[in-house]
Enquirer: 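The structure follows.
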Amino acid sequence: MAKLQVAIDLLTTKEALALAAKVAPYVDIIELGTPLIKNMGSAVITAMKNAHPDKLVFADLKTADAGELEADVAFTAGADLVTVMGAAGDATIIGAVKAAKAHGKGVVVDTIGYPDRVRRAQEVSKLGVEFVELHAGLDEQWTDGYSIQVLIDEAARVGVPVSVAGGVNISNVVAVVEAGAKVIVAGAAIYGAEDPAAAAKELREAIDAV
Ligand SMILES: O=C(CO)[C@H](O)[C@H](O)COP(=O)(O)O
């Protein structure tokens, strides 16, 4: 069954904890967004893991260099998964995987901005990562003509374990699951909803019904 990951792109630990408390019953993975970690530091990772020890805490570091060092900081703070950019060199990904193995945790490669996401996903899957994120970032989503269909098509042909992130919502989540994504990432569809708990529950039920 596909997992649901809530992406918390809020800016303070207080707001992040409040959102997580509402949606935790419906999600498997709690993602601390890059702006949140940049604003609050690794203390937000520790605070979230302490509040939700039963959930996977995903630190969206988007590491581009010093993979082992950055991953070690986040794992020491309590992260279960960290991201490294697919555009980074293989040495950076391998370094982060080394830190993950030392902590018994995992690395996710983020393909944001990479011209051929499918090819890079297939390449980095051989480096010991947990899964690869087929990702259209917020800026790409706000570009004229963007459609999540491109990610859905990529997920259907990639042939390695992937998550999909880039505007997942209740109207497209079934197609994302049917394309074979192992993790479904939803940010704005949950934190931007009038009732985030209801939005997360609706996504959870749609995923489980596939
Ligand atoms: O990592 C991110 C941006 O870089 C977001 O958290 C990710 O894109 C999911 O959010 P949304 O569902 O709003 O697209």
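Whatever order the structure lists them in is the order used to number ligands and atoms, beginning at 1. It should be emphasised that the depicted structure is a prediction, and the values quoted were computed from it without experimental measurement. Just so you know, these numbers use all the heavy atoms, side chains as well, and skip hydrogens, waters and symmetry mates.
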Enquirer: Which atoms form the tightest heavy-atom contact between K62 and D60, and what is the distance?
Expert: NZ-OD2, 2.7 Å
Enquirer: With a cutoff of 4.0 Å, is G33 in contact with ligand 1, counting heavy atoms of the residue only?
Expert: no
Enquirer: With heavy-atom distances below 4.5 Å as the criterion, would you say the side chains of H103 and T76 are in contact?
Expert: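 Yes - at least one pair of side-chain heavy atoms lies under 4.5 Å apart.
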Enquirer: Would you call A189 a ligand 1 contact, heavy-atom distance under 4.0 Å?
Expert: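 No.
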Enquirer: Which atoms of ligand 1 are found less than 4.0 Å from any heavy atom of D60?
Expert: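 Result: 1 (O).
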Enquirer: Counting non-hydrogen protein atoms only, what is the nearest one to atom 4 (O) of ligand 1? Give residue, atom name and distance.
Expert: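 Among all protein heavy atoms, the one nearest atom 4 (O) of ligand 1 is K62 NZ, 2.9 Å.
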Enquirer: Only heavy atoms of E31, strictly under 4.0 Å: list the atoms of ligand 1 that pass.
Expert: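 The list of qualifying atoms is 1 (O), 6 (O).
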Enquirer: Counting non-hydrogen protein atoms only, what is the nearest one to atom 5 (C) of ligand 1? Give residue, atom name and distance.
Expert: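 The answer is D9 OD2, 3.2 Å.
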Enquirer: Can you list the ligand 1 atoms lying under 4.0 Å from a non-hydrogen atom of H135?
Expert: 1 (O), 2 (C), 3 (C), 4 (O), 7 (C), 8 (O)
Enquirer: For atom 12 (O) of ligand 1, what is the nearest protein heavy atom, given as residue, atom name and distance?
Expert: G187 N, 2.8 Å
Enquirer: Applying the side chain to side chain donor-acceptor pair (under 3.5 Å) test to E70, which of T63, T92, T83 qualifies?
Expert: T63
Enquirer: For ligand 1, which atoms have a heavy atom of A7 less than 4.0 angstrom away?
Expert: 6 (O), 9 (C)
Enquirer: Which residue and non-hydrogen atom of the protein lie closest to atom 13 (O) of ligand 1, and at what distance in Å?
Expert: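 Looking only at protein heavy atoms, the one closest to atom 13 (O) of ligand 1 is A188 N, 2.9 Å.
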Enquirer: Please give me the minimum heavy-atom distance between A155 and V164, naming the atom from each residue.
Expert: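 Shortest heavy-atom separation between A155 and V164 comes out as CB-CG2, 3.9 Å.
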Enquirer: Checking contacts here: is it the side chain or the backbone of A186 that comes within 4.0 Å of ligand 1, counting heavy atoms only? Could be both or neither.
Expert: backbone
Enquirer: Within ligand 1, which atoms have a heavy atom of Q141 less than 4.0 Å away?
Expert: 8 (O), 14 (O)
Enquirer: Would you kindly specify which portion of D110 sits under 4.0 Å from ligand 1, judged on non-hydrogen atoms: side chain, backbone, both or neither?
Expert: neither
Enquirer: Looking at every non-hydrogen atom in both residues, tell me the closest pair between I148 and V176 and how far apart they are.
Expert: CD1-CG2, 4.3 Å
Enquirer: Could you tell me which atoms of ligand 1, counted from 1 in the order shown, lie closer than 4.0 angstrom to a heavy atom of G166?
Expert: 14 (O)
Enquirer: Taking R117 for the side chain and L134 for the main chain, is one N or O donor matched with an acceptor at less than 3.5 Å?
Expert: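 No: the side chain of R117 does not pair with the backbone of L134.
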Enquirer: Looking at side-chain heavy atoms only, is the closest gap between E154 and R157 below 4.5 Å?
Expert: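 When only atoms from C-beta onward are counted, R157 and E154 do touch, with a gap below 4.5 Å.
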Enquirer: Please determine whether a side-chain nitrogen of the Lys or Arg among D110 and R120 lies less than 4.0 Å from a carboxylate oxygen of the Asp or Glu.
Expert: no
Enquirer: Between the side chains of E140 and T143, does any donor sit under 3.5 Å from an acceptor?
Expert: no
